[in-house]
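Inspection log for the structure reproduced underneath, given as structure tokens.
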2 protein chains.
Amino acid sequence: MPRAVFDSSEYDRRIARTRARMEEEGVDALFVSDPANMNYLTGYDGWSFYVHQGVVVTRDRDEPVWVGRGMDANGARATTTLSEDSIRAYSDDHVHSPHDLHPMDFVAEVLRDLGVDDATVGLEMDAYYFTAKSYTRLQEQLPEADLVDTTLLVNWVRVKKSDQELAYMEEAARISENAMQAGLDAIEEGVPEYEAAEAIYSALVDGTDDYGGDYPAIVPLMPSGDHTGTPHLTWTDRPFENGDPVIIELSGCRHRYHSPLARTTFVGDPPQEIEETADIVVEGMEAALDAVEPGVTCEAVEKAWRDEIAKHGVKKEDRIGYSMGLGYPPDWGEHTASLRPGDETVLEENMTFHTIPGLWFDDFGVELSETFRVTSSGAEALADFPRRLFTA
Amino acid sequence: MPRAVFDSSEYDRRIARTRARMEEEGVDALFVSDPANMNYLTGYDGWSFYVHQGVVVTRDRDEPVWVGRGMDANGARATTTLSEDSIRAYSDDHVHSPHDLHPMDFVAEVLRDLGVDDATVGLEMDAYYFTAKSYTRLQEQLPEADLVDTTLLVNWVRVKKSDQELAYMEEAARISENAMQAGLDAIEEGVPEYEAAEAIYSALVDGTDDYGGDYPAIVPLMPSGDHTGTPHLTWTDRPFENGDPVIIELSGCRHRYHSPLARTTFVGDPPQEIEETADIVVEGMEAALDAVEPGVTCEAVEKAWRDEIAKHGVKKEDRIGYSMGLGYPPDWGEHTASLRPGDETVLEENMTFHTIPGLWFDDFGVELSETFRVTSSGAEALADFPRRLFTA
């Protein structure tokens with residue numbers, strides 16, 4: 001009895017749009033191994049991406065074909081509506097095999113069985129979990145195939161969200177608000193970092209009164225003290241000290257859809273330098289959000305931020321946001337449109353971005369983020385959480 | 001001020017042993033991209049593996065070289081003792097770039113700078129996060145190099161644990177015990193699955209009275225009801241029902257070292273079939289542990305389990321365990337030795353395994369696991385938790 005996360009008509013539309021792109025690019029079959037793309041096309045959901053797996057889409061077969069490990073076939077039955085003939089599982093001696101067996105040998109068999117072993121086959125060459133070995137193995141097994149790079153083909157299909165997807169992102173935003181409040185409440189002088197992480201995690205999974213939360217694709221990040229200049233550190237046993245800035249970046253997750261949120265707090269009285277930096281970040285963020293509307297380019301949004309902070313003599317080199325939504329570890333980002341110079345992607349209604357214009361210096365950083373939806377006339381932040389520097 | 005997780009002499013030994021293997025295999029330089037291997041060789045720790053990164057080890061340079069994204073260089077400074085010349089960072093326009101820029105272009109530059117661009121360079125061809133594109137890009141950029149597959153070279157160096165590594169795994173085991181108890185306490189009829197997941201997660205991060213827990217490389221897995229035949233599903237909003245078997249598989253984590261533990265509980269009075277299955281799993285597990293000692297092969301341990309369950313007319317095809325310890329998402333396994341037919345790896349003192357001999361049928365499954373260390377004369381389970389079917 002599969003879980004009904006989306007109507008089957010939604011999956012049909014996704015596959016039709018994927019096929020249209022395949023046709024444009026002259027691709028006969030697609031082997032999709034990014035777990036977010038597998039989920040997008042079939043609903044498949046499970047912590048099985050630590051072994052090789054994928055979904056095959058061909059131009060003429062109605063259903064995609066799930067390919068994975070034997071013990072995960074039940075997971076495909078539980079989370080997709082694929083028919084039995086569209087669930088193909090390899091035996092366990094393919095897993096970390098001491099013999100010369102690789103899961104891609106089985107994938108090649110499936111492609112032969114589907115009659116596309118001498119066709120143009122698209123591979124997600126730069127996707128998580130599609131290893132170099134997977135590629136060389138498919139090359140060996142499919143000498144007649146024309147293997148081409150279709151890394152972001154499905155990701156670009158994902159960029160505009162449906163109403164149901166947006167509803168899940170809204171649900172995730174409620175969770176993000178609760179978790180942010182829990183984190184801010186937990187942080188104080190003398191409390192070890194992991195206790196604040198525990199409060200955040202607990203709120204992320206506990207969700208709201210009406211529903212629970214999934215595991216997020218990125219763990220809560222909480223760099224503190226002189227490590228706020230280091231955005232991807234995780235928590236330690238260190239107690240918070242008076243004088244610590246602490247950045248909290250987290251995301252609620254609902255049916256694998258995210259709504260990330262970041263805020264900065266300060267243990268004790270913040271020095272003027274940090275307060276001023278926080279004000280600049282807030283002003284820059286609001287300038288960026290004000291610039292959003294359908295028809296505007298991604299780079300124009302970044303420029304609005306950059307122009308605003310330049311008034312204060314501040315320059316920042318990194319991008320300030322990216323398209324996101326559905327995701328699995330290690331990332332909730334889609335790797336498609338980015339808010340940065342040179343990205344000429346034109347905004348359309350119901351695209352969703354995480355904009356995270358932090359300012360990091362060698363000894364401290366201030367971060368503030370919003371997940372927003374492009375509306376018919378502007379930007380709508382999904383979470384409702386004050387935009388300011390907090391104190392603990 | 002780097003965190004001191006291990007003495008520098010421990011990293012020196014690890015690198016010396018890695019170099020010895022490189023010499024045996026005729027490899028001049030190694031590009032290590034598995035985050036666990038990066039940590040093992042340098043101490044580097046951060047949630048940055050969603051972008052391309054790695055560590056280069058050459059035969060003659062004293063220090064390995066960390067290569068990663070600009071904003072993560074501070075993370076390398078914070079978690080390693082590498083000198084500034086051994087931290088090489090690429091600019092942000094390499095990240096999900098709309099231009100034709102790839103982080104491996106920068107890695108190739110580093111290899112040229114280290115004078116190994118015309119040497120034999122080992123790549124972790126089948127490691128997480130080393131994509132097909134990374135490989136083809138290095139091929140293009142290093143036409144003079146001989147690129148060879150060294151996927152598990154460092155993983156095999158990791159197999160025997162040091163005293164300090166074992167101490168962290170013991171600490172992780174204390175966390176696993178607490179989290180398992182929290183999960184068992186939380187599960188009861190009418191409670192939604194996510195509330196049990198929340199109790200487990202909270203205990204995993206809260207750790208013990210003396211220290212906190214890191215995020216585990218795999219989220220707590222908690223398949224229930226007819227999904228116990230589906231080992232890798234995660235929690236949902238469904239309330240537990242009378243008659244549900246529930247499998248809990250989790251791991252505490254300390255400085256990225258794990259000690260996984262699995263148990264099965266039953267909501268209500270378990271039917272005889274499940275009680276009998278649980279008894280068989282316990283007996284089989286104990287037969288396997290009794291078979292462990294230095295000098296014995298991995299396949300002999302699996303055979304002890306298989307012979308024991310065969311007495312009850314039960315056959316199981318999957319492997320029943322694997323070497324593990326240090327890890328990042330998506331896996332705490334090392335991908336080296338497995339407890340399964342055909343694996344002739346000889347056990348040595350201070351190897352560590354997670355043995356997880358579940359029996360899964362189409363409509364229910366029973367799982368029980370232990371993390372054990374090979375001692376001078378047998379097996380020592382790291383956690384102290386009753387081996388039986390629980391009831392809720």
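No hydrogens, no waters, no symmetry mates; every other heavy atom, side chains included, goes into these values. Everything numeric in this text was worked out from a predicted model, so none of it was measured. All chains are named by letter (A, B, ...) in the order of the sequence lines, taking the proteins before the strands, and each is independently numbered beginning at 1.
Looking at B:Leu152, neither its backbone nor its side chain comes within 4.5 Å of chain A, counting heavy atoms on both sides. Both the backbone and the side chain of A:Asp126 come within less than 4.5 Å of a heavy atom of chain B. Looking at A:Leu221, the atoms closer than 4.5 Å to chain B (heavy atoms on both sides) all sit in the side chain, from C-beta outward. Contacts of A:Asp149 with chain B are made by side-chain atoms alone, with heavy-atom separations under 4.5 Å and no backbone atom involved. For A:Ser91, no part sits under 4.5 Å from any heavy atom of chain B, backbone or side chain. Both the backbone and the side chain of B:Asp206 have a heavy atom closer than 4.5 Å to some heavy atom of chain A. Contacts of B:Ala73 with chain A are absent, with no heavy-atom separation under 4.5 Å from either backbone or side chain. Contact of B:Arg69 with chain A is made through the side chain alone, with heavy-atom distances under 4.5 Å.
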>> One pair to check against side chain to side chain contact (heavy atoms under 4.5 Å, CB included): A:Val148 and A:Leu123. What are the steps and the verdict?
In response: CA-CA 6 Å; A:Val148 299; A:Leu123 302 173; over 6 Å; no
>> Between A:His354 and A:Ser323, is the side chain to side chain contact (heavy atoms under 4.5 Å, CB included) condition met? List the steps.
In response: CA-CA 6 Å; A:His354 181 216; A:Ser323 182; over 6 Å; no
> When you look at A:Glu344 and A:Thr297, which way does the side-chain hydrogen bond (donor to acceptor under 3.5 Å, both in side chains) test go after all the steps?
Replying inline: CA-CA 5 Å; A:Glu344 296 173 3; A:Thr297 61; over 6 Å; no
> Between B:Thr230 and A:Arg77, does a side-chain hydrogen bond (donor to acceptor under 3.5 Å, both in side chains) hold up when you go through it step by step?
Replying inline: CA-CA 9 Å; B:Thr230 312; A:Arg77 292 179 191 111; over 6 Å; no
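Annotation: residues 330-337 of chain A contacts chain B through A:Pro330, A:Asp331, A:His335 [non-hydrogen atoms, separation under 4.5 Å].
In this structure, a donor-acceptor pair under 3.5 Å is absent between the side chains of A:Glu124 and A:Thr150.
Comparing B:Thr151, B:Thr136, B:Val219 by heavy-atom pairs within less than 4.5 Å of chain A, the highest count is held by B:Val219. When the candidates B:Tyr215, B:Tyr135, B:Phe130, B:Tyr328 are compared by the number of heavy-atom contacts under 4.5 Å with chain A, B:Tyr215 comes out ahead. Put simply, of A:Ser48, A:Pro231, A:Gly46, A:Ala197, the one with the most heavy-atom pairs under 4.5 Å next to chain B is A:Pro231.
Salt-bridge formation is detected for the pair B:Asp237/A:Arg254: a Lys NZ or Arg NE/NH1/NH2 atom is positioned less than 4.0 Å from an Asp or Glu carboxylate oxygen. A salt bridge does not link A:Glu302 with A:Arg340: every distance from a Lys NZ or Arg NE/NH1/NH2 to an Asp or Glu carboxylate oxygen is 4.0 Å or more.
Under the rule for a ring pair (Phe, Tyr, Trp, His ring centres under 6.0 Å), A:Phe240 has no partner lying at least two apart in sequence or in another chain. Applying the side chain to side chain contact (heavy atoms under 4.5 Å, CB included) test to B:Pro103 and every residue at least two apart in sequence or in another chain returns B:His52, B:Tyr90, B:His94.
The CD1 atom of A:Ile218 sits 8.5 Å away from the OG atom of A:Ser251 when rounded to the nearest 0.5 Å.
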With a 3.5 Å cut-off and sequence neighbours excluded, list the donor-acceptor pairs that the side chains of residues 198-205 of chain A form with protein atoms.
residue  : atom : partner  : partner atom : Å
A:Glu198 : OE2  : B:Ser202 : OG           : 2.2
A:Ser202 : OG   : B:Glu198 : OE2          : 2.2

